[in-house]
Amino acid sequence: MNLNQVNVTQIKGIGDKTAKCLKKLHIESVNDLLWYVPRSYIRYPEVSTVAEMRDIPDGQPVAVYGTVNRDFAEKKYSNVLISTFTIRDVKGAASIHLKIVFFQQTYVKNIFYPGKNFVFYGKIKRSPYGISIEMPEYYSLEDYNKKLSSLQGVYPLTKGITSKTIGKHVQTVINEFFPVNDAFSAEFIKDNSLMSLSDAFRKIHFPNNMEEAREARNTLVFHEFHDFLKQIEESRISNTESPSDFVINDFSLGDKYRDSIPFELTGSQKETIEEIRADISSGICMRRLIQGDVGSGKTMVAFLAMADLANAGYQCALMAPTEVLATQHYEKFCYDNANYGLHLKPVLLTGSLTAAQKKKVYTGIESGEYNIIIGTHAIFQEKVNFHNLSLVITDEQHRFGVRQREMLSEKGSTPHVLVMSATPIPRTLTLTLYTDLKISVMKDMPAKRLPIKSCVIRPALRKDAFALINSQIKEGHQAYIICPMIEENEDFQLENVMSYHEKIDHYFNGTVKYGILHGRMKPKEKTEIMERFAKKEIDILISTTVIEVGIDVPNATVMIIENAERFGLAGLHQIRGRVGRGDSQSYCVFINGSDNDKENVRLEVLHKSNDGFYIAEEDLRLRGPGDINGVRQSGDMQFVLADIIQDYDILMRVKDVLDQS
Ligand code: ADP
Ligand code: MG
């Protein structure tokens with residue numbers, strides 16, 4: 001059975017409501033659920049007696065075994081149903097009374113009958129009124145003891161769903177659908193010290209210990225790399241040297257465009273453009289990757305290439321991973337188009353357009369009315385028929401290029417393909433991942449650009465970082481603050497976007513305007529916030545790493561990255577690249593929120609260097625054993641678990657296996 005095609009509603013116990021919650025987490029099929037792996041694990045505490053609760057400090061998680069007393073009561077406070085009762089020790093000895101509290105749970109009165117025994121798991125709350133546990137999980141002693149033997153997954157969540165329910169649904173899938181199809185034979189699994197795919201899913205969700213979780217993860221990563229490299233290999237075989245219908249020899253519009261822009265191209269930009277021109281005049285389909293560090297000016301190169309193909313009467317498409325980025329590219333292109341007399345016909349195509357708007361755009365694309373099509377991947381996912389698509393450029397997303405190329409060829413013609421990436425992948429990796437692409441490396445940075453000044457500090461010095469922001473805002477600049485989490489999460493003491501304004505309010509006292517941005521906002525809301533930031537209506541943008549991809553607001557000159565210890569170096573370098581894009585001096589402050597001094601050593605690499613390639617090499621060198629909870633390094637490679645830098649060794653093993661077969 002292909003679990004990709006089995007909807008989660010087919011799982012016993014999942015109704016429309018839960019399915020809707022899961023969809024928010026991008027879980028639609030049974031396969032999605034299995035790949036939705038915990039981001040960390042906790043071990044449940046051993047069972048304690050009620051008497052032992054006397055000395056437990058406020059906030060500590062406990063599992064307490066007790067007997068329900070005869071004092072069950074329900075009250076309503078401002079429409080909230082509050083159910084309470086106390087428990088005593090099972091062995092009846094003199095003990096304190098521990099209060100159990102539930103909110104809005106109408107059914108609990110049918111569960112907690114006097115004299116019954118339960119294990120209650122939750123956090124101890126101490127107040128002048130006594131000791132209590134609110135909204136505990138509850139189990140029979142037998143069930144709880146079973147739980148004790150394995151680690152419990154903590155999943156990234158959304159409102160309306162808990163880690164416990166996700167775990168429960170995964171368990172149902174395991175009971176009903178396992179074993180799953182395995183791409184590898186038992187012999188292969190043994191030879192490569194992997195687990196079966198079924199075991200890997202079992203153990204990543206319910207490991208007995210961390211070692212097991214790590215091994216399970218390695219197996220899943222192995223599968224991901226295997227699929228990925230195979231796909232590349234297939235597309236390489238089917239695509240080598242196909243003749244092109246779009247042969248360009250007239251570069252006059254590109255030249256005119258280049259001579260009109262208010263800056264001189266860098267040496268790397270010039271070289272790359274020459275390489276592209278050689279490709280598109282050769283009669284063979286171009287397949288080229290531009291690898292250029294953040295801020296190296298890849299967009300300009302893309303625009304120049306599009307100008308020449310469009311001038312020859314052909315269509316070009318530029319695809320960005322997010323609406324924010326697509327909109328930004330579109331606006332920039334429209335500006336150039338109008339100001340430098342290009343007379344091309346650009347259009348923006350994103351998921352936020354209404355159905356009627358989309359239809360109009362589709363018609364215009366099909367008729368050839370538009371020749372520059374800029375948008376999100378929606379362009380290809382939906383039914384778009386091109387008039388004569390000659391060039392596809394994908395920005396900041398490698399993997400896209402590989403898959404979509406196939407789809408495009410199926411649509412008739414074979415366009416030239418240009419893939420742009422800022423992920424500074426070490427050379428050995430590039431050769432593995434891009435066997436099917438020629439590579440242009442853009443090493444030069446636009447002149448006049450001052451290197452970003454970076455430093456690593458402890459949270460205690462945060463106010464100094466705020467002072468820096470303040471002085472930059474006074475000079476008319478703007479700032480980014482990056483947090484690892486969207487909202488507060490009890491399991492991770494990490495800064496989050498939603499409550500960060502408390503710090504801002506406290507320090508700036510209403511003198512600055514801030515906005516927030518995170519991955520769970522609707523694309524349209526994200527675009528709006530970014531536009532307001534670009535228009536300087538917002539001084540400080542508090543964001544998760546969603547800003548990582550390609551945003552260009554040159555007036556922003558300071559960035560603070562909270563909990564920098566949570567990120568890989570290559571990722572941090574990417575994020576930092578959002579500043580230092582204009583003529584002014586820019587600053588980046590990394591806040592190390594861990595007590596681990598080794599972290600400082602690692603983060604100091606960023607203080608020392610602004611060179612993405614050097615940083616990526618150092619990252620590989622300093623990389624510890626695959627951290628199972630690590631924040632993803634290479635955002636634009638869309639693997640679920642795998643990370644090309646962190647899991648470099650596995651990638652190389654998979655490559656060996658494939659080379660031998
Ligand atoms: P990236 O390579 O990260 O995608 P962008 O294309 O967004 O970089 O370019 C970063 C900024 O540098 C933009 O504001 C762009 O207009 C500007 N820029 C590009 N090329 C040059 C150049 N040769 N000289 C000066 N500024 C440039
Ligand atoms: Mg870019």
Side-chain angles (χ1 to χ4, degrees), residues 254 257-274 276 288-307 318-337 339-340 374-376 393-398 400-401 418-425 439-452 477-478 480 530 533-534 536 545-557 559 570-571 573-584 586 588 610-613 615 634-636:
Y257 186 3
R258 179 198 59 208
D259 295 338
S260 317
I261 52 178
F263 47 76
E264 167 88 14
L265 295 182
T266 66
S268 295
Q269 283 173 320
K270 285 181 194 161
E271 275 165 38
T272 306
I273 288 160
E274 283 319 309
I276 293 172
R288 184 169 289 281
L289 166 72
I290 304 181
Q291 226 187 355
D293 211 341
V294 281
S296 59
K298 295 183 289 294
T299 317
M300 196 62 233
V301 172
F303 284 2
L304 286 168
M306 293 203 291
L318 171 59
M319 287 179 293
T322 64
E323 260 185 42
V324 171
L325 198 53
T327 309
Q328 179 186 292
H329 284 330
Y330 173 72
E331 282 170 359
K332 217 168 197 173
F333 190 83
C334 288
Y335 176 91
D336 289 2
N337 193 40
N339 284 276
Y340 309 138
I374 298 178
T376 48
I393 303 175
T394 60
D395 192 13
E396 310 282 0
Q397 196 157 33
H398 308 110
F400 191 73
L418 195 58
V419 180
M420 304 198 291
S421 165
T423 307
I425 302 169
I439 300 172
S440 302
V441 177
M442 296 194 7
K443 286 247 176 207
D444 302 338
M445 284 293 174
K448 270 184 33 189
R449 196 81 42 88
L450 298 163
I452 302 166
H477 291 300
Q478 292 158 281
Y480 294 102
M530 273 322 295
F533 189 61
K536 253 182 103 169
T545 55
V546 290
I547 57 114
E548 179 182 340
V549 269
I551 299 307
D552 189 35
V553 179
N555 190 49
T557 53
M559 174 176 280
H573 177 68
Q574 290 285 107
I575 305 169
R576 165 170 72 178
R578 299 310 115 212
V579 296
R581 302 175 82 83
D583 299 336
S584 312
S586 286
C588 185
N610 262 313
D611 176 350
F613 289 90
I615 290 168
S634 39
D636 53 350

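Just so you know, ligand 1 is whichever comes first in the structure, and atom 1 is the first atom listed for that ligand. As the structure is a computational prediction, the values presented were derived from the model and not from experiment.
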(request) For Glu264, take its heavy atoms, then give the atoms of ligand 1 lying under 4.0 Å from any of them. (result) 22 (C), 23 (N), 24 (N)

(message) Looking only at distances, can you tell me whether any N or O atom of Met300, backbone or side chain, sits closer than 3.5 Å to an N or O atom of ligand 1?
(response) no

(message) Give me the atom names and distance for the closest heavy-atom approach of Met319 to Thr394.
(response) CE-CG2, 3.2 Å

(message) Please verify the inter-ring angle class for Tyr340 with Tyr335; under 30° counts as parallel, over 60° as perpendicular, anything in between as tilted.
(response) perpendicular

(request) Run the numbers for me: atoms of ligand 1, each under 4.0 Å from some heavy atom of Gly295, listed by number. (result) 1 (P), 2 (O), 3 (O), 8 (O)

(request) For ligand 1, indicate whether the residue Thr299 contacts it via side chain, backbone, both or neither (heavy-atom separation under 4.0 Å). (result) both

(message) For the 3.5 Å polar cut-off, considering only N or O atoms, please tell me whether Pro446 and ligand 1 meet it.
(response) no

(message) Side chain, backbone, both or neither: which applies to Gln269 and ligand 1 if a contact is any heavy-atom pair less than 4.0 Å apart?
(response) side chain

(request) Could you tell me whether Glu264 and Arg258 make a salt bridge, using a distance below 4.0 angstrom between a side-chain N and a carboxylate O? (result) no

(request) Report the part of Met420 (side chain from C-beta onward, or backbone N, CA, C, O) that has a heavy atom under 4.0 Å from ligand 1; answer both or neither where that applies. (result) neither

(request) Evaluate the side-chain proximity of Thr545 to Gln574: yes if any heavy-atom separation is below 4.5 Å, no if none is. (result) no

(request) Number the atoms of ligand 1 from 1 as they appear, then name those within less than 4.0 Å of a heavy atom of Thr266, with their elements. (result) 23 (N)

(request) Decide side-chain hydrogen bond (donor to acceptor under 3.5 Å, both in side chains) for His573 and Asp293; before the verdict, give the C-alpha distance in whole Å, the side-chain angles of both, and the deciding distance to 0.1 Å. (result) CA-CA 9 Å; His573 177 68; Asp293 211 341; 2.9 Å; yes

(message) Check this for me: does any side-chain nitrogen of one of Lys298 and Asp395 sit under 4.0 Å from a carboxylate oxygen of the other?
(response) no

(message) Does any part of the side chain of Gln291, heavy atoms only, come nearer than 4.5 Å to the side chain of Ser440, both counted from C-beta?
(response) no

(request) Run the numbers for me: atoms of ligand 1, each under 4.0 Å from some heavy atom of Gly297, listed by number. (result) 1 (P), 2 (O), 5 (P), 6 (O), 8 (O), 9 (O), 19 (C)

(request) Assess Lys332 for proximity to ligand 1: is some non-hydrogen atom of it under 4.0 Å away? (result) yes

(request) Could you list which atoms of ligand 1 come closer than 4.0 Å to a heavy atom of Leu265? (result) 23 (N)

(request) Describe, in one word, how the ring planes of Phe303 and His329 are oriented to each other, choosing from parallel (under 30°), tilted (30 to 60°) and perpendicular (over 60°). (result) perpendicular

